[in-house]
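Step one of this worksheet: look at the structure below.
Atoms within a ligand are numbered from 1 in the order they appear, just like the ligands themselves. Worth saying up front: this structure is predicted, and the values here are computed from it rather than measured.
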Amino acid sequence: MNEFQLSAPADFGPDEPSTNFRATGPQFPPTHHLADQPAVAPARDVDTFVQEFLEELNFGQGVPLDRSTINHQYLALASTVRSYLMADWLATAARRRAHPAKMVGYLSAEYLLGRQLGNALLNSDLEGIVEEAMRQLGIDLAAVRAQEVEPGLGNGGLGRLAACFVDSLATMDVSCIGYGIRYEYGIFRQTFVEGRQVEVPDTWLALGAPWEFRNPERAVQVDFGGSVESYAGDQGRPRRRWRPDWNVLAVPYNYMVPGYHNGVANTLRLWSAEATRAFDLQIFNHGDYAEAVRAQTFAENISKVLYPEDSTPQGKELRLQQQYFFVAASIGDYLHGTLPEDFDLARLPEQIIFQLNDTHPVIGIPELMRLLLDVHGMEWDQAWAITSRCFAYTCHTLLPEALEVWPVSLVERLLPRHMEIIFEINDRFLAAVRAQFPGDDDRVRRMSIIAEGGDRGVRMAHLATVAAVRVNGVAELHSQLLRDKVLVDFAQLWPEKFTNVTNGVTPRRFLVSANPPLTSLINDAIGGGWITDLERLRELEPYAEDPVFRERFRSAKRANKDHLNSTLLAAGTAQLPADHMLDVMVKRLHEYKRQMLKLLHIVSTYEGVLSGRVPAEQVTPRTCLFGAKAAPGYATAKETIYLINRVASVINSDPKLDGRLFVAFPPNYNVTLAQRLIPAADLSEQISLAGKEASGTGNMKLALNGALTIGTDDGANVEIRKLVGDDNFFLFGMREPEVAELQSRGYHPGEVYASNPVLKSAIDLIASGHFGDRGASQALMGDLVGNDRFMALADFQAYVDAQAQVDAKFADTEAWTRSAILNVARSGYFSSDRSMRDYLDRIWGAQVH
Ligand SMILES: *Cc1c(COP(=O)(O)O)cnc(C)c1O
C-alpha cells in the first residue's frame, strides 16, 4: 500500500543493541548472530486473556483479584494488552529488516498522546475480548479506563498533530520512528480557585507507566559547553574538534504505536535525562557526595518539565538544552545505533528523512553536520550535500513572537561547535544570495540566519529553511502566507522548496473511539471501510435527506451529551441543561484565538435581556462551553479565564435569563476531555483573527463529529468551508487582506467601541464590575478598547450577525441536522492519513538533488 520504498539496508529493531555509540553501562554480548525468530503471539480468545490478566495481576502486581485496587487492575490490564502490541512490534521490526524501506524520523519536542488503553484496544481489535474478560472477572472496565492519566507531553495542537501523524503512519504501514522527550511533568493540570487558574504539577508517572519500556542499553551521551580546538587531521588537514565540559545520558523509553487492525506497531522513542556515570563518579571520587547528588539532579532537570507556552515560547536556556538533548540523542541513536556499523553515510538521504515539527528540533541540522565533519571526517561540501537532503521543515505559525531566535551568546556557550557551524552555513548561504542579488544588502540582512543588532540571535526558521529539502505550511492559506510574507525572500530564491500539507486528525481516536454512537450509525449505513479511508464518508451524503437517519443522528448526539454530562458530574463540574444548543470553544487560551470575542457575544446577549432590548423568550437556549489552559506567565490569558468564570457564575444564576443561557468552563481541557466533549457539540467556534491561526485541528475534529462551524476565513477553516459548503458553515469577519489593510491604515478600537451601542453596553457592563472584581474587569476592558491587538472589536458586529443566523438555523431542527450530517460526510479530507499521504508524495518521497 505504500510506495515509500527504497532499496539499501536499513536496520531498525528492538533487539539491536547500540554499537559504537554506547555511553556508559554494562556491555551485553551482541545478539545478531541469532536468526530472526518469529515472535510468539498470544492467542486471541477470552479464556487466554483472562488467564494472562490474572497472571499480570498476581505475579506482576503482586495482588490477588479480591484485594486488587482499580489501579492494580488498570496496570495489569495495560500490561496484558501491551504484550499483544509487543508481539506486533517484534513482527513489524522483523518484517522491516527483511524488507528495508526508507524511514521517517519524526522529530517533535511534543506528543500530546491522550490515553493509551482505549486506543490500544481499538487498534489491536481486542475490545470485544477485553470487555468479555472483564465482565467474567466482575471488573468495571469503564472505571479501569478512567484510572489512566493521559501522558500530556504537549501543549496543544502541535503536540496533538504529532500524535495523530504517528498513528496514521502505523496504520499506513510506513516505517517511522517518532523521537521526543519523556517529560517527567507534562502539561500542568488546570484547576480553578475562585475563578482563577491555578496550575498543579502533572504527576502522570506517579501511579505507574505501563505503556513504556526503558532501554538503557541504547542510552546516548549528550555533550554540552566547553570549547572548540583546532588540530591537524589526516594528511595534516586543519580540523576542528569540540571539547565539551559536561554531559548527560539520554535514556530511551519506547512506546509502541499500533496501526489500526493491521498488526503493525511502530516506535515512539522518548528520551529521559540522567546523570552520566562518568560524570558523578568523578565527583564521588573527590569525596563530595552532596555535589555528586546535586549533579545528578542538574542532569535530570533537562527532561523534568514541559514548557507550558504555546505559540509564545520563552527563550530559556533550559529549553535550548532540552531541544539539543533530544535531537542529539535521536540523531545519534539513528546514525550509531540503528544503521549498520559499516553503512556508507553518503547514502544517508536514501535511508532517512528527519521531519522537523516546527523549529524546536532545528539544532539537529548543525548536529548532523558536526557528526559528519568531526566524527566521520568528511569535508564540508560532502557533509552539506548529505545534511541538506536529510531534513524537511514544517512551520506552524504566522505569529512573529512564535518564531524562535536564540541569542548567539547562549548558543556559543552551550554548543560552541554548533555555533561555528551555523556561522559557516550562513556565510556560504549569504554568498549565494549575494551572487544571485548583487548589491542587495537589505535582502542579505533580511535573509541572514543571524539577526544582527544589539543582541545577535540565531533565527531557527531561517536555518531550517536553508537546510531543508522542503518547507511546508499546515493549511492552504498558511502556506500561501508563508510564501508571500513570513519567508517571502526564501520563496523567491527557492520557489520549489515550498509546499503545503494541510493538517489532519486521526479518525480512530477522534471518531471511532470518541463517538461510538455515531460510529455505529455510520457503520450501519455504509460499512466500516471509512475508518482507514475517510473520504468514503461521502457515501453518507444521501442519508442527509433521510428523516429516519436524521432522527438517529440526533439521538446519537443526545447520547453523547448525556455521556458528557455524566463525565462532568463525576468531575464535580456543573451539569449542562438538557435541550440546549451546545456551543463549544475548546483550544489554548490565546488573544489571537479570541475567546474574548465569544465572551462579548455572551455578555451582549445577557445585557440585551437585562436592558429589555431582547425578550428572554427570544433567546435561543444555548450552553456555551469553554475549555482552555493559559500559559502560566501569560497575564492577559489568565485574566480572560478569570473573567469567563465570573461571567459564568453570574449568568448561570440570574433568573432573568429563564435558564436560556448557560456558560460552562470545565477545568483542564486535555485529549481525554476533548474526546468526551467534541462528539456532543452542536456548534464549533473557530473565530481567530484571519491570518493568525496556521491551521487548527480542533475545527476538523468538531466538523467530523457533526458540529457546524462558525468561523473566520482563517487556517483550515477555509478548506472546511469549501468542502462542507457555504450553506453548512457560518462565515463571518474580515479576511486576511482586509486585516492587513486595516492594520496599515491604522486600527482604532476605541472608535469601534464608541460607535456600536450593543458592543459598548457589553463592555461597559463588564467594566462596571457587574461580574465581580471591578478592578480586574476594568483593566481587561481598558486594554481591549485601547489596544485590541487581535481586532475582536472590529469583527464583533459581523460575529453577532452570524450568531443570529446560527439561531435561525438551529430553530429549524431538520435543516440543522441535514447540515450536521453533511459536515460529517464531507470532512473525510481532514484525516491525518491523507496528511501522511501528502507528506509522502510532496516531501518524503520528493526527488532531491
Ligand atoms: C485538537 C486539540 C487542540 C488543538 O485545538 P485548536 O482548536 O486547533 O487550537 C488542543 N488541545 C487538545 C487537547 C486537542 O485535542
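Aromatic ring centres of Y634 and H590 lie closer together than 6.0 Å. Taking the six-membered ring wherever Trp is involved, the centroid distance between the rings of Y255 and W211 does not fall below 6.0 Å.
Taking any N or O of T697, backbone or side chain, at least one lies under 3.5 Å from an N or O belonging to ligand 1. Residue-to-ligand polar distances place G698 within reach of ligand 1: an N/O pair is separated by less than 3.5 Å. Of the N or O atoms in K587, one or more lie within a sub-3.5 Å distance of an N or O in ligand 1. The shortest N or O to N or O distance between N699 and ligand 1 is not below 3.5 Å.
Of the charged side-chain nitrogens involved, none lies within less than 4.0 Å of a carboxylate oxygen, so that K593 and E685 do not count as a salt-bridged pair. Classification of D783 and R789 as a salt-bridged pair fails, no side-chain N sitting under 4.0 Å from a carboxylate O. A salt bridge does not link D682 with K557: none of the charged nitrogens is closer than 4.0 Å to a carboxylate oxygen.
Contact between Q675 and ligand 1 is absent, with no heavy atom of the residue lying under 4.0 Å from the ligand. Ligand 1 has at least one atom lying under 4.0 Å from a heavy atom of V586.
Between F165 and Y106, the two ring planes are perpendicular [angle over 60°; tilted spans 30° to 60°].
Among E150, K629, K701, the residue whose heavy atom sits closest to atom 1 (C) of ligand 1 is K701.
Residue-level proximity to ligand 1 for K593 is carried by the side chain, the only part with a heavy atom below 4.0 angstrom. The backbone of N670, and not its side chain, has at least one atom closer than 4.0 Å to an atom of ligand 1 (non-hydrogen atoms only; backbone = N, CA, C, O).
Close approach of ligand 1 to G696 is summarised as follows: ligand atoms under 4.0 Å from at least one heavy atom of the residue are 8 (O). Atoms of ligand 1 lying under 4.0 Å from any heavy atom of G157, numbered from 1 in the order shown and given with element: 3 (C), 4 (C), 10 (C). Per-residue contacts place G156 under 4.0 angstrom from the following atoms of ligand 1 (heavy atoms of the residue considered): 10 (C), 11 (N).
Looking only at atom types and distance, the side chain of N717 has a donor-acceptor partner in the side chain of N699 under 3.5 Å away.
Results of the side-chain hydrogen bond (donor to acceptor under 3.5 Å, both in side chains) test with R508 over T532, D833, N123 single out D833 as the only residue that passes.
In this structure, atom 12 (C) of ligand 1 lies nearest to the protein heavy atom Y669 CE2, 3.6 Å.
A cation-pi contact, defined as under 6.0 Å to the ring centre and within 45° of the axis, is absent between K692 and Y592.
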